[in-house]
There are 2 protein chains.
Amino acid sequence: MTVEEKDGAIVGLIATLEHASNAQARFEIMYSTLRDRISMLVYHPGMRLSEEALAAEFGVSRSPLRKALKILEADGLLRSAHGVGTIVTDVDIDKLGQVYQLRMELNELVGKLMPRTPDRDVQSLFETMRRRAEDLQREPSLDGFARLNIDFFHAFQSLTENEPLKEVSEKLFYQTCRIWLTLVPADNLANEVAVFCSEVIGIVNAVRIGDIKAAALLRRAHLSMGYTRLQDYARTGV
Amino acid sequence: MTVEEKDGAIVGLIATLEHASNAQARFEIMYSTLRDRISMLVYHPGMRLSEEALAAEFGVSRSPLRKALKILEADGLLRSAHGVGTIVTDVDIDKLGQVYQLRMELNELVGKLMPRTPDRDVQSLFETMRRRAEDLQREPSLDGFARLNIDFFHAFQSLTENEPLKEVSEKLFYQTCRIWLTLVPADNLANEVAVFCSEVIGIVNAVRIGDIKAAALLRRAHLSMGYTRLQDYARTGV
DNA sequence: TCGTAAACAGTTGTGTACAAATATATCCGT
DNA sequence: ACGGATATATTTGTACACAACTGTTTACGA
């Protein structure tokens, strides 16, 4: 699904870009690659990115790269400062509270607005998520946690057919998902992973019997509890 | 509030841009000006815009102008086609149904998520809206209707302090507000204006007594009825 | 007269040079 | 040695030239 799953890493990325047919395809690759790196904290908050370096890596000039950066800026993930650089935005637990409130409501809407009866493909997708959750629980890792969090979000998105809702939810998700990587303390990772995996498995079970509404309510509940735990981490961490 | 309210129209616009201190300010002017023109059907759906002509009008080169166009493209208001031009997107009543469903839910959230107790400024803003609604009802016009619709939306936005909710609502509003200008038949304009003005006045009354939740529910109800009428116009119009 | 292909005009996409702005380093005076 | 001003390096913002692409027109042949 994501671009990262390539063999030769950076080399493979440029190769992919070279063969990208049109401008839109090249943009999508650059955009999702950068967004993924920001979300996975490869580019950590406060880090300065160089347009020239990124353009060189992608094998293009600054012009098309800047388009991707501008959209990421509109998404709230980057911030450009003239004469300084392109800076990865900070994630502030307090400001993110508003986003979390909204995300909770939106997740409930997944069950209300055009819920989609899961077909065979969706079911197998969620079964894959269950398997990955079980694997992760056996061998917890921060990266695996973050990756499954992202992929499970996209799987959950397929439960509604309301396109605007999906777009809006996606934008808000990427504004918040980094917070876990910055706040969860290493000594509590296994516990946090276990909670998350039980959430995944619970929702997979709801999807299996076709109860999208229940899946949405479960997700909303877990989102709420997750935010509470994040606040605790932020308090004790400081 | 909007940029259009200048004396010398285009000349004034360039003058404003010349004096804009930084790049962000210049971007905001170009962005909101173009969005307003699209929303007011100065640029009608299907119309082709020329980057060069727009850049000349704003007194800048294509580079900074393109940033505004790219964001408007991400907003779903424009579409760029290589070798063809920059085209104003169509408004399709069926596809907009999903947006309307979402907008209804989001409007209700205004009353649930961080509703703001109206201060003196907000109250006077809504009183202005009431006066403009009364004026419009006395002398109905399509442009006046569209303008008040946009301005009243922004006024309503000030009733919540949840910034992400405001951003999301704004994006969705501008995806839908053009539909009225394209669908309302001229022979029913006075009637439609009357309905809209009564909505405005009703919500102003709710705000006056400080009942934001009621204002939000009223707005949601009117949004729902409005969408139903739009569907009727679309059916009888075709 | 019609169909087809080639030339043309016009548009967005990309590369590149330079301007504007900022952070850092350097130098000088006290 | 320290403060401050100045020079320098680095970065994003802008302008412009050209490449890539598309729709239209025109010319040519059947």
Side-chain angles (χ1 to χ4, degrees), chain A residues 13-31 33-34 38 43-90, chain B residues 13-31 33-34 38 43-90:
Chain A
L13 191 64
I14 292 183
T16 310
L17 264 169
E18 298 273 335
H19 293 93
S21 49
N22 53 11
Q24 190 183 343
R26 287 191 290 274
F27 164 79
E28 288 293 339
I29 291 176
M30 290 189 285
Y31 173 74
T33 300
L34 292 173
I38 294 170
Y43 302 149
H44 60 266
M47 183 173 173
R48 268 182 22 191
L49 307 181
S50 164
E51 292 186 352
E52 201 158 2
L54 287 176
E57 184 194 340
F58 287 123
V60 296
S61 84
R62 282 177 58 209
S63 305
L65 172 76
R66 274 173 68 84
K67 179 184 173 187
L69 294 182
K70 291 311 146 197
I71 302 294
L72 287 166
E73 194 179 339
D75 287 343
L77 301 183
L78 290 179
R79 169 174 63 91
S80 286
H82 192 181
V84 179
T86 304
I87 297 134
V88 180
T89 54
D90 264 356
Chain B
L13 191 63
I14 292 184
T16 311
L17 264 169
E18 299 274 334
H19 292 93
S21 49
N22 53 12
Q24 191 184 342
R26 287 191 292 272
F27 164 79
E28 288 293 341
I29 292 175
M30 291 190 283
Y31 173 75
T33 300
L34 293 173
I38 294 170
Y43 303 148
H44 60 266
M47 183 172 174
R48 266 181 23 192
L49 308 180
S50 162
E51 292 186 352
E52 201 158 358
L54 287 175
E57 183 193 340
F58 288 123
V60 296
S61 83
R62 283 177 57 209
S63 303
L65 172 75
R66 275 173 68 83
K67 178 183 173 185
L69 295 182
K70 290 310 147 195
I71 303 293
L72 288 167
E73 195 178 337
D75 287 343
L77 300 183
L78 290 179
R79 169 174 65 91
S80 287
H82 191 181
V84 179
T86 304
I87 297 135
V88 180
T89 54
D90 263 356

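Computed over heavy atoms, backbone and side chain alike; hydrogens, waters and symmetry mates excluded. On a predicted model such as this, the values are computed, not experimentally measured, just so you know. So you know, we letter chains A, B, ... as the sequences are listed, proteins then strands, and number each from 1.
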For the side chain of [X], counting heavy atoms from C-beta on, which of [options] is nearest?
X	options	result
B/His82	D/dA20, D/dT14, C/dG15	D/dA20
B/Glu51	D/dT14, C/dT14, C/dG13	C/dG13
A/Ser50	C/dT14, D/dT12, D/dA15	D/dT12
A/Arg62	C/dA17, C/dG13, C/dT14	C/dA17
A/Val84	C/dA23, C/dG13, D/dC16	C/dA23

Check your understanding: Backbone N or O of A/Thr86 within a donor-acceptor pair of the A/Ser80 side chain at under 3.5 Å?
Key -> no

Please confirm whether the shortest side-chain N or O distance from [X] to OP1 or OP2 of [N] is below 4.0 Å.
X	N	result
B/Thr86	C/dT12	yes
B/Ser63	D/dT14	no
B/Lys70	C/dG13	yes
A/Arg66	D/dG13	yes
B/Arg26	D/dT14	yes

Point to revise | For B/Leu65 against B/Ala55, the heavy-atom pair lying closest together | key: CD2-N, 3.5 Å

Check your understanding: Do NZ/NE/NH1/NH2 and the carboxylate oxygens of B/Glu51 and B/Arg66 come within less than 4.0 Å?
Key -> yes

Practice item. Calculate, to the nearest 0.5 Å, the distance between atoms CD1 and CG belonging to A/Ile29 and A/Leu34 respectively. Key: 11.5 Å

Check your understanding: For A/Leu49, which contact category applies under a 4.0 Å heavy-atom criterion: base, sugar-phosphate, or nothing?
Key -> sugar-phosphate

